[in-house]
Amino acid sequence: MSSAPAPVSVLKVDALTKRFGGLSAVKELSMDVKAGALYGLIGPNGAGKTTIFNLLTGVYSPTEGTIVFKGTSVAGLKPYEITKLGVARTFQNIRLFADMTVLENVMTAHHIRSRQFLIDAVIGTGRHQREERETRDKAMELLKIFDLDSVAGELATFFGGQHADAH
């Protein structure tokens, strides 16, 4: 009888602490996030949830402890360096680009990984055209996962009959 291999850790946090003056916003947090699993972080207002995400994404540097993503220590790295490794955050109050389509809004997230230069986009080089096609295809795959591919061409301003800025 063969047993399945143990899930691989993608994010390991050990004794993570963040102090602001005399206040400990996060104290000795340890967690091990396995590949393919879904996790949630819950707690009341003021429990330190946002501080944890700010630590994981480089907005804050830890006072103590370690953060390792896919074998690389990210504690103390700049947010853009951590994003390049594959860790990014979103915010609860998202704002869509109302004058762009649903597809174009999703495509904007991929442009951080662009390998082209501004001149490529300006003159429409082969590299630009290839990257835009790949980005469009990936965005459509993501929309399909959430059954949103049928509205890809609609303006994000009035998605699903609700204004994008409605709360």
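Numbering starts at 1 and runs along the sequence shown.
- Heavy atoms from other residues, nucleotides or ligands lying under 6.0 Å from CG of Asp137 number more than 12.
- The shortest side-chain heavy-atom distance between Ser9 and Asp32 falls under the 4.5 Å cut-off.
- Expressed to the nearest 0.5 Å, how far OG1 of Thr125 lies from CG of Asp120 amounts to 3.5 Å.
- Atom CZ of Arg127 is separated from atom CD of Gln116 by 7.5 Å, given to the nearest 0.5 angstrom.
- No single ILVMFWY cluster, assembled from side-chain heavy atoms under 4.5 Å apart, contains both Met31 and Val8.
- Heavy-atom minimum distance, His128 versus Ala121: ND1-CA, 3.6 Å.
- Taking 4.5 Å as the limit, some side-chain heavy atom of Val151 sits within range of a side-chain heavy atom of Glu154.
- Leu23 is not connected to Val26 by any chain of hydrophobic side-chain contacts under 4.5 Å among Ile, Leu, Val, Met, Phe, Trp and Tyr, and they are in different clusters.
- Residue Thr83 holds its OG1 atom at 13.0 Å from NZ of Lys78, rounded to the nearest 0.5 Å.
- Between Leu11 and Val13, the closest side-chain pair of non-hydrogen atoms falls below 4.5 Å.
- Hydrophobic cluster membership differs between Met100 and Met140, with clusters built from Ile, Leu, Val, Met, Phe, Trp and Tyr side chains linked at under 4.5 angstrom.
- Here Glu64 contributes atom CD and Asp14 contributes atom CG; the two are 11.5 Å apart, rounded to the nearest 0.5 Å.
- Interatomic distance, Lys18 NZ to Thr63 OG1, rounded to the nearest 0.5 Å: 4.5 Å.
- Hydrophobic clustering (side-chain heavy atoms under 4.5 Å, transitive across Ile, Leu, Val, Met, Phe, Trp, Tyr) keeps Phe117 apart from Tyr80.
- In this structure, NZ in Lys144 is found 10.5 Å from OG in Ser150, a value given to the nearest 0.5 Å.
- Across Asn105 and Ala156, no two heavy atoms sit closer than the pair ND2-CB, 3.4 Å.
- Residues Ser61 and Gly76 approach most closely at OG-CA, 3.8 Å, considering heavy atoms.
- Residues Ala152 and Thr101 come closest through the heavy atom pair O-CB, 3.4 Å.
- Between Leu16 and Thr66 there is no side-chain heavy-atom pair separated by less than 4.5 Å.
- Using a 4.5 Å heavy-atom threshold, the side chains of Leu143 and Leu103 count as touching.
- Both tests do not hold together for Lys49 against Phe53: distance to the six-membered ring centre under 6.0 Å, angle to the ring axis within 45°.
- No option in Leu56, Thr17, Ile67, Val74 other than Ile67 meets the side chain to side chain contact (heavy atoms under 4.5 Å, CB included) test with Pro62.
- The two atoms that bring Ala15 and Ser30 nearest to each other are N-OG, 2.9 Å, heavy atoms only.
- Linking ILVMFWY side-chain heavy atoms closer than 4.5 Å, directly or via other members, places Val59 and Ile52 in a single hydrophobic cluster.
- When the shell of 6.0 Å around OH of Tyr39 is examined, it contains more than 12 heavy atoms from other residues, nucleotides or ligands.
- For Lys34, the NZ atom counts as densely surrounded, since its 6.0 Å shell holds more than 12 non-hydrogen atoms of other residues, nucleotides or ligands.
- Residues Tyr60 and Thr51 meet the side-chain proximity criterion, which asks for heavy atoms closer than 4.5 Å.
- Using modelled atom types, no side-chain atom of Ser24 and backbone atom of Arg19 make a donor-acceptor pair closer than 3.5 Å.
- Contact record, Phe69 with Leu85: CE2-O, 3.2 Å, taken as the closest heavy-atom pair.
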